[in-house]
Structure formats: structure tokens, C-alpha cells
**Student:** 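Take this structure, written in C-alpha cells, and hold onto it; I'll ask about it next.
By convention here, the first residue in the shown sequence is residue 1. Values in this document were obtained by computation on a predicted structure and should not be read as measured data. Below, all heavy atoms of this structure are taken into account, side chains as well, without hydrogens, waters or symmetry copies.
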Amino acid sequence: MAQIFQPSTDRWLRFFFLAFVLIAVGTIAVAVPGMQSAMTGVGYQPTQPVPFSHKLHAGDLAMDCTYCNNTVDRADYAAIPTTETCLNCHARVVPNSPLLADVFESYGSRVPIEWIRVHRLPDYTYFSHQAHVTVGVSCVSCHGRVDQMEEVRQVEPLNMAWCLDCHRNPSPNLRPVAEVTNMSWDSAADNYNPHQDPARGDRKLSPPEHCSGCHR
């Protein structure tokens, strides 16, 4: 019987199979991180209608987060500052800056500035800023060092696995309540142990891990 395939055919088949596997693995390695970022929102950094620099306000000027986001310690949601809040300062501070034109227009027309939300959880997820902030979970834990950002971007995935990792071991993300908005606070330098914080009283460090804790 005549030989159909050349002796080199087997070698070429092995070569093409290996090349296919390497290309497939390489494609997955490149695509998966991008897909994960797209799904979780990590890196999302929209351009806001008014160029507000967190680096200038929260960083260089050391303004406390709660001056603008003034409901974080008493409500589920962090309030977006009103135009009047901006003008508490800017009615006197560089009021003629062209960067503030939209702010003054908003004030005159009584039409709120349409800030673009950066961090968004699914509608089926319950999250309370108050519950976290009042026990010592810092802004940094979820939002990163916003005091170093010109424009705020999402730095954490905010997905269920990420939340549960913290709920199962909350200690690394806890600090004295008085330091919650202190972006540069260092637990190691302060030698802080939340289990030995007398200010916590009888409050246990046991955030919920069951479904109804976040899905209500």
C-alpha cells in the first residue's frame, strides 16, 4: 500500500498544534485582565463636567472628605456636594476663574451640576457608608488615595469576592474612627490593633458573611 503522508507530516502537525496552544494561551493572558477590568470597572475615570481636583482640595489643601461628602457617617449614601457647597469657598476664592463658569451658571439657573458617578454597585446590592465609616473603615480602603488623584478613578473591583475578603478579615482595613478620612494614616506607624481599641467598646469585629447582609 502506498504511503499517503510524508514522514515529516507528523512533525509539522506537532508544530502547528504547539503553536495553536501558545497563541491561545497568550490571547487569554492578554484578554482576561482587560475583560475583568471592563466587568469590575477598575480604572474607570470619567471626565467630570467641572474639572474638580481631589489632589488639590483633599491633598494639597487637606480638606476633609466630609466637607463635601457630608453624609458618609450618617446615611447609606455619600452625598454629592451641591453648587452652594462649592460657592461657600469659591464665591471668594478665584471666583473669576473660567474653570468655575459652569458652577456659577448652575447657581444662577438653579440647575444642579450633573456629576458623573464613578463608583457604582449593582442595584441588588445593599451598601451603607454609615455602617462602614462609623466603625473605622477608611475612605482609602474602597476609593484609594483620592488625595493624589486629579480626577477620581475606580481602583478596587467592588465585587462580591472583594467585599467578602474584607468581611472575613476586616482588621487590616480598620483604623480609629477619628482617622477615617486621614488619607496618609499608617496602621503600622501607629501600631494600631482594632481588637484593643477601647473606643470600640463591646462592638464585635464580625461583619456579616451571609447573603442577607448585602442582598436585602
**Student:** Taking the side chain as every heavy atom from C-beta outward, state whether Arg200 and Pro194 have any atom pair closer than 4.5 Å.
**Tutor:**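 A side-chain contact exists here, since the closest heavy-atom pair is under 4.5 Å.
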**Student:** Under a 3.5 Å distance rule, please check whether Thr181 uses its side chain to pair with a backbone N or O of Asp64 as donor and acceptor.
**Tutor:**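 No, Thr181 side chain to Asp64 backbone: no donor-acceptor pair under 3.5 Å.
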**Student:** Are the charged groups of Asp60 and Lys55 less than 4.0 angstrom apart, N to O?
**Tutor:**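 So Asp60 pairs with Lys55 through a salt bridge.
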**Student:** Exactly one of Leu174, Asn173, Val180 should register a side chain to side chain contact (heavy atoms under 4.5 Å, CB included) with Ser141. Which one does?
**Tutor:** Asn173
**Student:** Please verify the inter-ring angle class for His57 with His90; under 30° counts as parallel, over 60° as perpendicular, anything in between as tilted.
**Tutor:** perpendicular
**Student:** Please tell me whether Val42 and Met160 are part of a single hydrophobic cluster in this structure, the criterion being side-chain heavy atoms less than 4.5 Å apart.
**Tutor:**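 No: no chain of side-chain contacts under 4.5 Å links Val42 to Met160.
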**Student:** What pair of heavy atoms forms the shortest contact from Val133 to Val177, and how long is it?
**Tutor:**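 Heavy atoms only, the tightest pair is O-CG1, 4.3 Å.
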**Student:** So does Asn191 have more than 12 non-hydrogen atoms from other groups sitting under 6.0 Å from CG?
**Tutor:** no
**Student:** Tell me every residue that passes side chain to side chain contact (heavy atoms under 4.5 Å, CB included) with Thr85, counting only those two or more places apart in sequence or in another chain.
**Tutor:** Tyr67, Pro81, Thr82
**Student:** Under the rule for side chain to side chain contact (heavy atoms under 4.5 Å, CB included), what residues qualify as partners of Glu114, not counting sequence neighbours?
**Tutor:**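 Residues passing side chain to side chain contact (heavy atoms under 4.5 Å, CB included) with Glu114: none at all.
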**Student:** What I'd like to find out is whether the side chain of His195 reaches to under 4.5 Å of the side chain of Ser171, using heavy atoms alone.
**Tutor:** yes
**Student:** If Ile, Leu, Val, Met, Phe, Trp and Tyr residues are connected whenever their side-chain heavy atoms lie under 4.5 Å apart, and connections chain through other members, are Val118 and Ile116 in the same group?
**Tutor:**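 Yes, it is one cluster - the side chains of Val118 and Ile116 are joined through contacts under 4.5 Å.
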**Student:** Going by the rule side chain to side chain contact (heavy atoms under 4.5 Å, CB included), which residues pair with Val155 if we only count those two or more places apart in sequence or in a different chain?
**Tutor:** Met149, Arg153
**Student:** Does some side-chain heavy atom of Tyr107 sit less than 4.5 Å from a side-chain heavy atom of Glu105?
**Tutor:**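 A side-chain contact is absent here, since even the closest heavy-atom pair is not under 4.5 Å.
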**Student:** With under 30° as parallel and over 60° as perpendicular, where do the rings of Trp185 and Tyr192 fit, or are they tilted in between?
**Tutor:** perpendicular
**Student:** Spell out, yes or no, whether Val93 and Leu87 are grouped together once hydrophobic residues are joined by side-chain heavy atoms under 4.5 Å, including indirect joins.
**Tutor:**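 Yes; tracing contacts between hydrophobic side chains, which count when under 4.5 Å, links both residues.
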**Student:** Cluster question for you: counting only ILVMFWY and a side-chain heavy-atom cut-off of under 4.5 Å, with indirect links fine, are Val94 and Val103 together?
**Tutor:** yes
**Student:** Shared ILVMFWY cluster between Leu121 and Trp162, side chains joined below 4.5 angstrom?
**Tutor:**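 As far as the 4.5 Å side-chain criterion goes, Trp162 and Leu121 are connected within one cluster.
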**Student:** For Tyr44, which residues count as a ring-ring contact (aromatic ring centres under 6.0 Å, His included) partner, sequence neighbours excluded?
**Tutor:** none
**Student:** Please name all residues satisfying salt bridge (charged side-chain N to carboxylate O under 4.0 Å, His left out) with Asp73, sequence neighbours left out, ordered by chain then number.
**Tutor:**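 None.
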**Student:** Under the side chain to side chain donor-acceptor pair (under 3.5 Å) test, which residues partner Ser184, sequence neighbours left out?
**Tutor:**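 For Ser184, the residues satisfying side chain to side chain donor-acceptor pair (under 3.5 Å) (neighbours in sequence not counted) are Asn182.
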**Student:** To the closest 0.5 Å, what do you measure between NE2 (His54) and NE2 (His143)?
**Tutor:** 9.5 Å
